[in-house]
Amino acid sequence: MGFWSAMVIITTVAAIMIVTLAKLRVLRPSHGKGDASNGHEHAEVAALRAELGLFKDRLAVLERIATENDRGVMLDREIEKLRSLPAN
């Protein structure tokens with residue numbers, strides 16, 4: 001193996017490593033930011049899931065209102081249930 005063949009192989013290996021490392025950094029952008037931002041993201045996800053749960057409950061009440069046969073009496077009850085739920 002000559003000098004130039006070795007240089008081509010070394011350059012090729014280096015280029016492959018650079019591309020691979022660049023892809024890994026794109027796939028994991030939070031790498032190296034520390035635990036503070038990661039904890040903040042977990043808290044935000046938990047808050048969004050709690051809010052989603054509230055919306056699901058409200059949607060279930062609205063679906064019951066739309067499908068009930070006794071709309072007069074049941075409508076008043078369901079509206080009061082909606083008013084008692086916390087609104088965000």
From CG (Leu62) to CD1 (Ile79), nearest 0.5 Å: 9.5 Å
Under 4.0 Å between a side-chain nitrogen and a carboxylate oxygen: does that hold for Glu80 and Arg83? yes
Any chance you could measure Leu82, atom CG, to Asp57, atom CG, to the nearest 0.5 Å? 10.5 Å
Interatomic distance, Leu52 atom CG to Leu59 atom CG [nearest 0.5 angstrom]: 10.0 Å
If I compare all heavy atoms of Glu78 with all of Val61, which pair ends up nearest, and what's the gap? OE1-CG1, 3.2 Å
Give me the atom names and distance for the closest heavy-atom approach of Thr12 to Val8. OG1-O, 2.7 Å
